[in-house]
2 protein chains.
Amino acid sequence: MPSASQSGEVPARSKRADALRNQQTLLAAAAEVFVTSGVDAPIREIAAKAGVGMGTIYRNFPTRADLVVAVYRHQVEACAEAGPVLLAGADSPFAALRQWIGLFVDFLVTKHGLAGALQSDSSGFAALHTYFVERLEPVCAQLLDAAVAAGEIRPGTQPYELMRGIGNLCIGRDSDPRYDPRRLIGLLLDGLQQPRSP
Amino acid sequence: MPSASQSGEVPARSKRADALRNQQTLLAAAAEVFVTSGVDAPIREIAAKAGVGMGTIYRNFPTRADLVVAVYRHQVEACAEAGPVLLAGADSPFAALRQWIGLFVDFLVTKHGLAGALQSDSSGFAALHTYFVERLEPVCAQLLDAAVAAGEIRPGTQPYELMRGIGNLCIGRDSDPRYDPRRLIGLLLDGLQQPRSP
DNA sequence: TTACGATACGGAGCGGTGTTCCGCTTTGTC
DNA sequence: GACAAAGCGGAACACCGCTCCGTATCGTAA
């Protein structure tokens with residue numbers, strides 16, 4: 001496989017110049033709209049912001065997830081790559097895990113509605129969940145394994161379950177100031193350090 | 001307190017007989033539809049199942065939350081009342097807390113889409129969140145306080161935050177067999193038992 | 001029993017959303 | 001400059017929540 005291809009990233013050969021321009025315009029507009037109206041903003045709103053028709057959006061990003069993934073791909077990538085780096089640099093594997101989860105939470109919490117979209121099985125969001133899991137689950141697994149091997153946390157925790165739980169905890173952070181997912185996630189990590197539950 | 005009153009429970013004097021009949025029919029139909037299509041099933045579907053017009057639904061239950069609350073009121077009530085009972089009967093306050101949370105999770109997990117609706121700020125679901133919090137938060141607070149007083153868990157955890165986190169963790173349980181919120185909630189409880197996080 | 005106001009009912013209709021589809025425009029090439 | 005292919009836009013359709021009002025039903029007083 002010579003080219004990067006996949007979905008929204010790099011040009012993918014032999015597309016018309018105006019099409020490429022539109023793709024970039026769309027990504028910029030979507031990023032902007034996501035900030036103010038959340039990731040499930042009306043398609044029409046994004047189209048209007050970008051100055052294109054709805055057909056153009058659906059042609060470039062068939063499902064909503066494709067658009068969201070394209071917008072946040074860089075940040076997800078950065079988070080994924082931070083895993084091994086933290087593991088190499090931190091005081092201990094568990095410290096690395098804690099820091100990495102901090103990055104993940106920061107990312108989710110600053111993107112309005114993203115956490116909710118991540119588990120929403122309906123709409124075209126299914127692919128979003130898939131992308132996040134495929135990209136980040138192995139990273140999380142590596143950190144977990146290292147911490148287990150170091151004897152810092154109990155074994156048996158599945159990375160998928162942990163990530164999904166953290167994602168769920170980040171849902172709806174904005175709606176009530178009394179709710180701060182970080183405290184609960186800290187509790188979860190403390191729980192991991194317990195040798196065994198009764 | 002002589003009368004139950006409030007919203008969807010007991011007759012509330014001087015309503016027409018057919019109206020009361022319809023209210024009961026609606027509750028039964030809604031309960032049935034919620035099982036198969038989740039708590040955000042189309043209003044029209046519930047109306048059709050009950051054999052009434054949509055106007056009748058909105059007259060009896062102005063917001064979706066009112067309908068959901070009416071359908072599940074008994075179970076929420078039972079959960080709330082179980083709190084003090086467990087506290088009196090269990091081996092320790094923390095054991096009671098654990099059992100009570102088990103009841104709460106069982107309830108949420110068996111109602112398709114309820115957990116998600118609980119945090120969804122949009123639609124007419126806001127009142128649902130309010131009802132759950134008002135009814136169950138004090139119960140949770142009592143259990144937490146008792147466990148803290150017994151020295152079984154660290155102080156400082158807010159009941160609202162804990163309940164909301166548990167609710168969030170229960171979201172989307174059906175979509176993937178690898179995800180079981182109970183394990184994570186167990187982890188959370190283990191974390192509570194830690195004296196202090198670093 | 002009848003007659004009549006109050007009460008409740010039903011569903012057409014409105015506004016908003018996702019998604020499709022096809023006539024028209026733009027682009028790149030010969 | 002001409003012409004196919006690629007791309008564009010937005011009208012149109014389906015679905016949903018919610019409102020509103022003409023009509024049907026109920027309870028009661030005569």
Side-chain angles (χ1 to χ4, degrees), chain A residues 7-8 11-30 33-34 36-68 70 113 116-117 120-128, chain B residues 7-8 11-30 33-34 36-68 70 113 116-117 120-128:
Chain A
S7 55
R13 296 194 316 131
S14 78
K15 284 184 81 177
R16 257 167 55 172
D18 56 344
L20 289 177
R21 228 179 310 129
N22 269 329
Q23 210 173 51
Q24 290 313 110
T25 310
L26 264 174
L27 282 179
V33 170
F34 286 170
T36 63
S37 305
V39 292
D40 31 36
I43 296 285
R44 278 175 239 266
E45 188 180 339
I46 302 170
K49 185 78 143 194
V52 304
M54 291 172 303
T56 303
I57 294 197
Y58 282 103
R59 201 169 316 104
N60 284 280
F61 308 99
T63 80
R64 207 192 200 72
D66 293 323
L67 181 54
V68 176
S120 160
D121 42 358
S122 67
S123 309
F125 274 131
L128 183 61
Chain B
S7 55
R13 296 196 316 128
S14 79
K15 284 186 78 178
R16 253 169 56 174
D18 56 343
L20 290 177
R21 228 179 310 130
N22 268 329
Q23 210 173 49
Q24 291 313 110
T25 309
L26 265 174
L27 283 179
V33 171
F34 285 171
T36 61
S37 306
V39 294
D40 31 34
I43 296 284
R44 279 176 238 264
E45 187 181 340
I46 302 172
K49 184 79 142 192
V52 304
M54 288 176 307
T56 302
I57 294 196
Y58 282 104
R59 200 169 316 105
N60 285 280
F61 307 100
T63 78
R64 205 191 202 70
D66 293 321
L67 181 54
V68 177
S120 159
D121 43 358
S122 67
S123 311
F125 274 132
L128 183 62

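Chain A is the first sequence line, chain B the second, and so forth, proteins listed ahead of strands; every chain is numbered from 1. Note that the structure is predicted; figures quoted are calculated from it, not measured.
- Across all non-hydrogen atoms, the minimal contact from B/F125 to B/V68 is CE2-CG2, 4.3 Å.
- In this structure, B/I46 atom CD1 and C/dG11 atom P are separated by 16 Å, rounded to whole Å.
- Backbone-only engagement by B/A17 is indicated by non-hydrogen atom pairs under 4.0 Å involving sugar-phosphate atoms exclusively.
- Counting 5' to 3', DNA chain D first comes under 4.0 angstrom of a heavy atom of chain B and last does so at the ends given by D/dC16 to D/dG27.
- The interatomic distance linking A/R21 (CZ) with C/dT26 (P) rounds to 12 Å, in whole Å.
- Where B/P42 and B/R16 meet DNA chain D, the nucleotide closest to each residue was compared, and B/P42 sits on the side nearer the 5' end.
- Atom-to-atom, CE of A/M54 to C1' of C/dG18 comes out at 9 Å; the value is rounded to the nearest Å.
- Each of B/D40 and A/T56 was assigned the nucleotide of DNA chain D with the nearest heavy atom; the assignment lying further toward the 5' end belongs to A/T56.
- Counting non-hydrogen atoms under 4.0 angstrom, B/R64 reaches the backbone sugars and phosphates but no base.
- Not a single donor-acceptor pair under 3.5 Å links the side chain of B/S37 to the backbone N or O of B/F34.
- Rounded to a whole Å, the CD1 atom of B/I43 is 17 Å from the C1' atom of C/dA12.
- Contact of the B/K15 side chain with the B/N60 side chain is registered, since non-hydrogen atoms from C-beta on lie closer than 4.5 Å.
- A donor-acceptor contact closer than 3.5 angstrom links the side chains of A/T63 and A/D66.
- Residues B/F61 and B/L27 form a side-chain contact, since some pair of their non-hydrogen atoms from C-beta on lies under 4.5 Å apart.
- For the pair B/Q23 CD and C/dA8 C1', the computed distance is 12 Å after rounding to whole Å.
- In this structure, the separation between OG on A/S120 and CG on A/D40 is 8.0 Å, given to the nearest 0.5 Å.
- Atom CG of B/N60 and atom C1' of C/dG10 are 13 Å apart (whole Å).
- In this structure, A/L67 and A/R64 have side chains that are not in contact, with every pair of non-hydrogen atoms separated by 4.5 Å or more.
- An OP1 or OP2 oxygen of C/dC9 is reached within less than 4.0 angstrom by a side-chain nitrogen or oxygen of B/R59.
- At whole-Å resolution of the value, CZ in A/R44 and P in C/dG18 are 7 Å apart.
- A sub-4.0 Å separation between OP1 or OP2 of C/dA8 and a side-chain N or O of B/N22 is absent.
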